[in-house]
Amino acid sequence: MSGRFDPSTADRRWQARWEEERSFAADSASNKPKTYVLEMFPYPSGRIHMGHVRNYTMGDVIARYRRMQGHEVLHPMGWDAFGMPAENAAMERKVHPGEWTRANINTMRDQLKRLGFALDWDRELATCDPSYYGHEQALFLDLFDAGLVYRKESEVNWDPVDMTVLANEQVIDGKGWRSGAPVERRKLAQWFLKITDFADDLLEALKKLDQWPEKVRVMQENWIGRSQGLQFRFELANSPPQIDGIEVFTTRPDTIFGSSFIAVAPDHPLALAAAETDPKAAAFIDECRSGGTSAAEIETAEKKGYRTPVEAVHPLDPEWRLPVYIANFVLMEYGTGAIFGVPGHDQRDFEFARQYHLPIKRVVAASTEVASEPIGDEAESMAGVAVNSRFLDGMTTEQATAEIIRRAEEAGWGHGTVQYRLRDWGVSRQRYWGTPIPIIHCPSCGAVPVPRDQLPVVLPDDIEFDKPGNPLDRHLTWKHVRCPSCGGLATRETDTLDTFVDSSWYFIRFASQPADKPFDRAEAETWLPVAQYIGGVEHAILHLLYARFWTRALQRLGELGVAEPFKGLFTQGMVTHETYRAGDGSWLSPDEVKRDGDDWVHIESGHPVTSGRVEKMSKSKRNTIDPEPILASYGADAVRWFMLSDSPPERDLEWSEGGIEGASRFVQRVWRLVNGNLEGASEDEALKRKLHRTVAAVGEAVDDLQFNKAVAQLYELVTAIEKAQPSATRAEAVRALILLIAPMAPHLAEESWALLGGGGLIANAPWPSFDPALLLDEQVTLAVQVNGKLRDTVTAPRGLDRAAAEALALASDKVQRQLAGASPRKVIVVPDRLVNIVA
RNA sequence: GCGGACGUGGCGGAACGGUAGACGCUGGGGACUUAAAAUCCUCUUCCCGUAAGGGAGUGCGGGUUCAAAUCCCGCCGUCCGCACCA
């Protein structure tokens with residue numbers, strides 16, 4: 001066999017072989033060290049895109065590399081198959097969401113197989129399958145029984161276009177994350193999961209996730225948003241009868257004597273009570289609610305308040321009365337929905353106090369000497385020592401904080417506490433295409449769990465999408481059932497679970513999938529935690545936090561002995577492409593334009609085209625490249641190689657024609673080596689060292705997920721082999737090269753391996769080893785510097801002593817010219833590296 | 001506003017405090033060919049110089065060091081996340 005490597009036949013041939021031999025089926029009972037490599041499973045939107053290709057190629061390299069290192073590797077794939085696009089398709093094209101989804105899965109599975117990923121297809125799962133979501137319902141009921149699920153009438157974010165409730169996380173700038181429509185507030189009874197029960201655990205454990213990107217840890221930390229402080233109570237004077245006090249939370253109890261007003265949120269019970277008798281208060285509250293919540297609006301929004309007739313009594317001085325305002329900048333959702341204002345030391349309070357001419361008092365200073373210094377143009381929020389604060393004077397911020405909390409607890413008007421930004425997770429969705437919540441509502445028994453032997457609660461297939469809203473709500477025979485508890489007439493919960501629930505445990509089901517329960521604990525624990533999880537940074541908060549919560553909840557229930565699901569996390573960069581616009585501003589796709597010198601023109605019309613910035617591939621900007629035709633013309637290995645080349649994996653990768661061409665060229669170069677002269681009995685010492693260095697470097701790079709560096713190393717090795725004369729070493733180097741590229745370009749590697757008579761599949765071959773003694777050359781190049789500037793390089797035997805190195809350096813003509821007869825004042829020798837002569 | 005990441009040739013990017021620009025892409029020159037494709041060789045940070053050689057250079061300004069892209073201080077800029085969180 002010779003000529004060009006032909007991926008169009010080779011790819012399929014090896015893919016069929018792997019499938020036949022079930023090469024990548026993971027054996028849970030294996031004695032080998034176990035490694036679980038997982039990429040975030042895709043939503044079956046229709047076709048694979050370049051982002052998937054990059055993501056799954058990285059995971060595949062790790063999976064294949066670990067296999068070659070003798071690990072039993074679990075590398076599964078499945079489908080995050082519930083969600084709104086399926087319903088949208090159902091409405092637009094009159095197909096059943098399930099039918100649409102399954103067709104997409106078939107297409108995408110086929111595409112993934114053609115990329116040659118080493119996946120265990122035996123464990124494939126789709127979350128829309130009752131054999132998956134039925135177990136999810138069982139787990140939901142486990143959480144329910146453990147008191148981690150509750151139902152609450154609550155104000156929700158209602159998306160008027162998608163006709164569904166959104167989690168806070170799904171509201172971006174006051175708009176629905178998917179529809180982009182402005183979100184409305186509605187009151188609905190919703191199911192919640194008690195993620196806040198785990199807030200501290202989730203926060204604390206972040207510190208130990210040392211194989212996670214710092215960025216993601218910080219994002220989760222901020223999302224959980226832990227604040228420690230004092231919650232305390234103001235008694236009121238002149239208050240509405242139904243309100244008998246205001247609870248406030250502060251992280252700065254030490255500033256309690258700097259307080260000059262109290263402010264409550266427009267939704268606060270006191271504000272609502274005031275509005276009942278005071279039309280002006282009611283009008284003010286309405287005005288606050290109409291205000292936008294976009295970033296720009298918040299930034300420019302003035303601090304506004306409405307002064308109620310109510311007065312608050314300072315807890316440390318019964319004579320001291322503070323005015324009570326309703327204020328637009330106080331949030332009902334955080335803390336107690338009320339604050340005490342300390343204008344001197346909080347910027348928002350400062351702005352508010354200026355607006356309404358309230359006292360701005362200094363109660364914290366750098367030292368007691370500057371206690372009378374007035375506050376300038378800005379609040380001073382930093383710590384210092386307490387001043388003008390009676391018994392606190394002279395204490396540090398820390399001491400004063402502790403002292404106030406102590407007094408409050410002693411006197412009973414407050415207590416030290418912790419507040420979180422994190423809210424409980426609302427999981428109810430008014431959607432058809434999701435996991436039915438296994439609850440039956442009975443007028444006499446209330447919310448009753450569906451008995452376990454009646455699971456799964458299967459979605460009915462005969463539904464209609466001709467009206468907006470949830471079809472389950474209109475499906476009478478599905479909805480109306482008997483109460484499992486009393487046998488009376490009852491109705492099913494027609495809400496389905498947030499799809500983030502589906503993805504909160506799929507990695508456990510991958511590890512173990514018995515038919516009669518969600519997972520087998522012992523089997524799951526042989527694989528978990530996931531050694532390396534790879535996906536987009538867009539899931540840094542929601543998915544990863546929910547999955548962490550779910551795992552911890554199962555641990556608390558005693559169902560799984562794993563606290564953290566993902567030991568290593570890697571967030572890969574996006575695949576980007578230049579954008580193109582026609583004269584009328586419309587976006588053009590890359591295959592509608594061509595280069596004309598330095599400019600771009602529209603192929604069809606010849607009109608000039610402006611090329612815009614390089615951006616994430618997206619349908620709206622039309623700058624996508626479909627992997628399929630690329631795969632057809634270049635083969636899987638070239639595509640995979642390109643995905644790993646050039647850009648560091650955490651950064652964006654710009655798609656380029658040149659890049660894929662280069663990758664394809666590399667595949668052919670390797671093929672030519674394999675088909676070239678591999679005769680020879682002699683040894684090639686230099687090539688041997690190069691080979692061992694490369695084996696070491698590639699392994700190290702892959703261990704660190706620095707695929708671009710591994711690729712560069714392999715290019716160097718290929719060049720070195722090409723230039724070497726035929727020898728036994730050269731033949732050995734070609735054989736090792738094939739092993740080294742096997743995780744990245746597996747089809748080429750198998751084809752080459754077979755040609756070289758490697759025996760068996762290269763997928764099962766051991767990773768090459770290296771001799772550490774061969775990593776260093778006998779001869780080294782010493783840099784010779786004069787005053788830190790490079791002037792010459794000299795070749796020297798490795799391990800040359802200082803005196804000899806110095807002598808060698810000083811013998812250099814160039815050095816002598818620089819010294820111009822002067823004698824060096826000092827000579828620095830770094831063995832085997834450099835000599836620096838200080839003149 | 002808070003937090004994070006980053007800033008190196010025409011481009012993507014390499015570089016335990018120790019030869020800046022590995023490797024790839026692009027471009028120039030050449031070989032092979034009737035020709036092209038493919039392939040191979042060679043050059044490609046900038047400036048001066050035919051060359052030998054010299055000078056400058058990792059966003060900007062300082063500092064530490066024999067030696068700084070790398071460490072420290074102060075700026076500037078870009079990207080990302082969160083955001084009236086008490």
Side-chain angles (χ1 to χ4, degrees), chain A residues 3-4 173 213-223 225-227 229-231 248-252 255 263 265 291 293-295 297-299 301-303 327-331 333-342 345-349 351-352 381 419-422 537-538 540-541 614 641-642 645-648 650-654 656-663 665-666 668-669 672 706 708-719 722 781-794 814 817 824-839:
Chain A
R4 292 177 65 77
D173 288 346
E214 171 73 10
K215 178 191 169 106
V216 175
R217 284 190 292 176
V218 169
M219 280 164 77
Q220 292 214 352
E221 207 176 296
N222 293 341
W223 193 263
R226 183 183 202 274
S227 310
L230 172 71
Q231 184 167 329
V248 302
F249 173 75
T250 179
T251 55
R252 293 293 299 273
T255 62
T293 49
S294 76
E297 280 170 299
I298 286 166
E299 229 163 81
E302 258 181 74
K303 301 286 178 280
N328 66 347
F329 68 95
V330 182
L331 306 174
E333 307 88 66
Y334 187 76
T336 61
I339 61 154
F340 78 112
V342 183
H345 305 283
D346 180 282
Q347 187 58 26
R348 287 158 311 174
D349 298 348
E351 287 168 31
F352 190 80
S381 55
Q419 285 287 339
Y420 298 94
R421 209 189 80 109
L422 182 69
V537 73
E538 67 272 18
I541 297 174
V614 174
W641 189 258
F642 178 49
S645 312
D646 294 349
S647 284
E650 68 278 10
R651 288 204 217 164
D652 291 351
L653 170 69
E654 189 184 349
S656 75
E657 201 65 26
I660 184 70
E661 291 281 352
R665 242 183 338 257
F666 177 78
Q668 298 302 339
R669 266 175 89 186
R672 279 196 299 276
Q706 298 176 318
N708 58 319
K709 289 194 207 169
V711 163
Q713 287 292 332
L714 289 166
Y715 270 112
E716 283 197 47
L717 179 62
V718 166
T719 304
E722 283 171 345
T781 305
L782 292 180
V784 180
Q785 299 179 334
V786 176
N787 294 329
K789 272 187 178 294
L790 182 73
R791 292 300 171 185
D792 201 2
T793 56
V794 295
K814 291 169 185 169
R817 215 177 306 149
R825 285 194 299 152
K826 192 175 169 186
V827 178
I828 311 262
V829 179
V830 181
D832 295 334
R833 288 216 87 116
L834 64 69
V835 180
N836 186 15
I837 296 154
V838 185

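Within every chain, numbering begins at 1; the chains are lettered A, B, ... in the order of the sequence lines, protein sequences first and strands thereafter.
- What separates CD of Q220(A) from C1' of rG3(B) is a distance of 15 Å, to the nearest Å.
- With a cut-off of 3.5 Å on both Watson-Crick or G-U wobble distances, the partner of rC2(B) is given as rG81(B).
- Distance noted for atom P between rU58(B) and rG9(B): 10 Å (whole Å).
- With sequence neighbours excluded, the residues that form a side-chain contact (heavy atoms from CB on, under 4.5 Å) with S645(A) are W641(A), V711(A).
- In the set rG4(B), rC84(B), rA38(B), the nucleotide with an atom closest to the side chain of N328(A) is rC84(B).
- When the side-chain hydrogen bond (donor to acceptor under 3.5 Å, both in side chains) test is applied to E333(A), no partner is found at least two apart in sequence or on another chain.
- Separating the CG atom of D346(A) from the C1' atom of rC84(B) is a distance of 10 Å, rounded to the nearest angstrom.
- Of the possible donor and acceptor atoms, one in the side chain of R421(A) sits under 3.5 Å from a partner among the backbone N and O of W223(A).
- Atoms NE2 (H345(A)) and P (rG1(B)) sit 21 Å apart, rounded to a whole Å.
- Out of rG55(B), rG54(B), rC82(B), the shortest distance to the side chain of R791(A) is found at rG55(B).
- Between rG27(B) and rA38(B), the distance separating the two P atoms is 12 Å to the nearest Å.
- With sequence neighbours excluded, the residues that form a side-chain hydrogen bond (donor to acceptor under 3.5 Å, both in side chains) with E722(A) are R669(A).
- Inter-residue side-chain proximity for R226(A) and Q419(A) is flagged as unmet; no heavy-atom pair is nearer than 4.5 Å.
- Taking atom P in both rG74(B) and rA86(B), one finds a spacing of 26 Å when rounded to whole Å.
- If you take NZ of K215(A) and P of rC6(B), they are 10 Å apart, rounded to a whole angstrom.
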Evaluate side-chain contact (heavy atoms from CB on, under 4.5 Å) for F329(A) paired with I339(A), printing each intermediate quantity in order. CA-CA 10 Å; F329(A) 68 95; I339(A) 61 154; 3.9 Å; yes
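- By the rule that a glycosidic angle within 90° of 0 means syn, rG9(B) counts as syn.
- By the 4.0 Å N-to-carboxylate-O rule, R348(A) lies too far from E351(A) to be salt-bridged with it.
- Separating the CD atom of E221(A) from the P atom of rG81(B) is a distance of 18 Å, rounded to the nearest angstrom.
- In this structure, CZ of F249(A) is placed 9 Å from C1' of rC85(B), rounded to the nearest angstrom.
- Along RNA chain B, the nucleotide nearest to N222(A) and the one nearest to L653(A) differ in position, and the one closer to the 5' end is contacted by N222(A).
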Where do N or O atoms of nucleotides 43-48 of chain B meet protein N or O atoms at under 3.5 Å, pair by pair?
none

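- Listed nucleotides: rG4(B), rA56(B), rU39(B). Nearest to the side chain of R672(A): rU39(B).
- Only the C1' atoms considered, rA22(B) is 43 Å distant from rA83(B), to the nearest whole Å.
- With both ends at atom C1', the span from rG61(B) to rC48(B) equals 28 Å, rounded to whole Å.
- Distance check on atom C1': rA68(B) versus rC16(B) gives 14 Å, rounded to whole Å.
- The side-chain contact (heavy atoms from CB on, under 4.5 Å) test with R833(A) singles out one residue from V829(A), N836(A), V830(A), V835(A), and that residue is V830(A).
- One interatomic measurement links the two molecules: CD1 of I339(A) to C1' of rC84(B), which rounds to 10 Å at whole-angstrom precision.
- Base pairing annotation: rA37(B) forms no Watson-Crick or G-U wobble pair, as no partner gives both donor-acceptor distances under 3.5 Å.
- Taking atom P on both nucleotides, rC6(B) is separated from rU39(B) by 37 Å, rounded to a whole Å.
- Searching all strands for a Watson-Crick or G-U wobble partner of rG61(B) with both distances below 3.5 Å returns rC73(B).
- The distance between atom CZ of F352(A) and atom C1' of rA86(B), rounded to the nearest whole Å, is 14 Å.
- Side chains of L834(A) and L782(A) form no contact here, defined as non-hydrogen atoms less than 4.5 Å apart.
- Taking atom P in both rG10(B) and rC46(B), the straight-line distance is 7 Å, to the nearest Å.
- By the side-chain contact (heavy atoms from CB on, under 4.5 Å) test, S656(A) is found to be paired with F642(A), residues two or more places apart in sequence or in another chain being considered.
- Judged by closest nucleotide on RNA chain B, K814(A) is the one of K814(A) and T250(A) placed further toward the 5' end.
- Look at rG9(B): it lacks any Watson-Crick or wobble partner with both distances under 3.5 angstrom.
- Note on R421(A): every side-chain N or O is 4.0 Å or more away from OP1 and OP2 of rA86(B).
- V330(A) comes within 4.0 angstrom of a nucleotide base, judged by non-hydrogen atoms across all strands.
- Side-chain contact between R817(A) and K814(A) is present, with at least one heavy-atom pair separated by less than 4.5 Å.
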Where along nucleotides 14-28 of chain B does protein come under 4.0 Å, by heavy atom, of base (B) or sugar-phosphate alone (S), with - for untouched nucleotides? SSB-BB--BSSSS--
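- For the pair I837(A)/Q785(A), no side-chain contact is recorded, criterion being any heavy-atom separation below 4.5 Å from C-beta on.
- As the counterpart of rA67(B), no nucleotide is assigned, since no Watson-Crick or G-U wobble pattern has both distances under 3.5 Å.
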